[in-house]
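One structure below.
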There are 2 protein chains.
Amino acid sequence: MFPIGRLAKATGVKVPTIRYYEQIGLLPAPERTAGNQRLYTQATLERLAFIRHARDLGFPLEAIRELLSLSDDPARPCAAADEIARRQLAAVEARIARLTVLRDELRRMLDHCASDTIAACRVIEVLGDHRLCAHDHGATEADHPT
Amino acid sequence: MFPIGRLAKATGVKVPTIRYYEQIGLLPAPERTAGNQRLYTQATLERLAFIRHARDLGFPLEAIRELLSLSDDPARPCAAADEIARRQLAAVEARIARLTVLRDELRRMLDHCASDTIAACRVIEVLGDHRLCAHDHGATEADHPT
DNA sequence: CTAATTCCTCTAGCGACTGGAGCTTCAAGG
DNA sequence: CCTTGAAGCTCCAGTCGCTAGAGGAATTAG
């Protein structure tokens, strides 16, 4: 039985995030001390490690919720978990494809930007004129870098 | 001079998004009709096309704001715009690398998930135990696919 | 015993939109 | 000229996955 700070350190998940996971029902409400502080067990640590890893893999919390409910019932067929992973794989592959196109376009922009002033800067120019690139503008998906 | 709907159609940016861009100061407040409806010019269309394209390339709005202020001053050196694009390229490359690891792990998971029940399913197992994969857990960045 | 650290709850904010409610204005047909 | 329906307006709330801060209580180390 250990407090939230130790759980945070052990899993690499920040303290407020752990409380947030409890709030949205991904983690069970833990026992408390006489002074109302959370006390966690090894079982919760493992559950949180599971969540952390799935997040690292890019699973949205809803998919993780699903996976957790599956793993809570180990006798059930694996097909559902398999389906989730398969969907996730397809999404990841699509993302890679899209980002590869972006990367190539950014590289092209930078390759050709050898001028000194904005007026002749390819970066600005390419961004301002769609015809100068081969990028697919059908995609509406937003990426969230940095 | 045309209304917001035509601007939306021409650029592929949704109407509420255009109003949002105006609200946060990315687009100038346009003229209005007697009845208070927005009227746009070709110049705004081009500015919005620029924004749209940069968003497609994954630039965050703050970077776009910077790029726009650069392009308003064509005599200035290009290095700043170049820097922004270079940072963006680095971010995209990092994302691709990360997603590639993820993809490989998902593939491995699915390859090994030939069993019938959760109990023997690698999907759950791999997600539950960090030692079963080669993924870098130093990264805290979250991906948000689908 | 005190001081530093950790913990608590609660609220608000981030980015980048998206959607809805409830109203007004515009353009076209009859 | 009038009606109708699409498109416009403002304002507010919600999305996802956290993150930060206020203001206080509890725990722990010295």
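Every chain is numbered from 1 and lettered A, B, ... according to where its sequence line falls, protein lines coming before strand lines. A quick note: this is a predicted structure, and the numbers were derived from the prediction, not measured.
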Grab the N/O contacts between the protein and nucleotides 21-24 of chain D below 3.5 Å, and write none if there aren't any.
none

Looking at B:Thr17, B:Leu26, B:Ile18, which one forms a side chain to side chain contact (heavy atoms under 4.5 Å, CB included) with B:Leu48?
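Exactly one candidate clears the test, B:Ile18.
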What is the distance, to the nearest angstrom, from the [atom1] atom on [X] to the [atom2] atom on [N]?
X: A:Ile18; N: D:dG17; atom1: CD1; atom2: C1'; answer: 15 Å
X: A:Arg55; N: D:dC18; atom1: CZ; atom2: C1'; answer: 9 Å
X: A:Phe2; N: D:dT28; atom1: CZ; atom2: P; answer: 15 Å
X: B:Phe59; N: C:dG15; atom1: CZ; atom2: P; answer: 18 Å
X: A:Ile64; N: D:dC16; atom1: CD1; atom2: P; answer: 13 Å

Roughly how far, to the nearest 0.5 Å, is [atom2] of [Y] from [atom1] of [X]?
X: A:Arg52; Y: A:Ile64; atom1: CZ; atom2: CD1; value: 11.0 Å
X: A:Ile4; Y: A:Gln37; atom1: CD1; atom2: CD; value: 10.0 Å
X: B:Thr44; Y: B:Leu7; atom1: OG1; atom2: CG; value: 7.5 Å
X: A:Thr41; Y: A:Met1; atom1: OG1; atom2: CE; value: 6.5 Å
X: A:Arg87; Y: A:Glu66; atom1: CZ; atom2: CD; value: 5.5 Å

What closest approach, in Å, do [X] and [Y] show between heavy atoms, and which atom pair accounts for it?
X: A:Leu45; Y: A:Thr11; result: O-CG2, 4.0 Å
X: B:Ala8; Y: B:Val15; result: CB-CG2, 3.7 Å
X: B:Glu22; Y: B:Tyr40; result: OE1-OH, 3.8 Å

Quick check on D:dG17: is either OP1 or OP2 less than 4.0 Å from any side-chain nitrogen or oxygen of A:Thr17?
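Answer no for this pair, as no side-chain N or O of A:Thr17 is under 4.0 Å from OP1 or OP2.
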Within the distance-only criterion (no hydrogens, no angle test), does the side chain of B:Arg107 pair as donor or acceptor with the backbone N or O of A:Leu89 below 3.5 angstrom?
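Absent.
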In residues 20-28 of chain A, which ones come under 4.0 Å of DNA chain C, going by heavy atoms?
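The answer is none.
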Walk along nucleotides 6-14 of chain D from 5' to 3' and tag each nucleotide B, S or - by protein heavy-atom contact under 4.0 Å, base first, then sugar-phosphate.
--SSB----
Does CD in A:Glu83 sit with more than 12 non-hydrogen atoms of other residues, nucleotides or ligands closer than 6.0 Å?
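Yes, the 6.0 Å shell around CD holds more than 12 heavy atoms from other groups.
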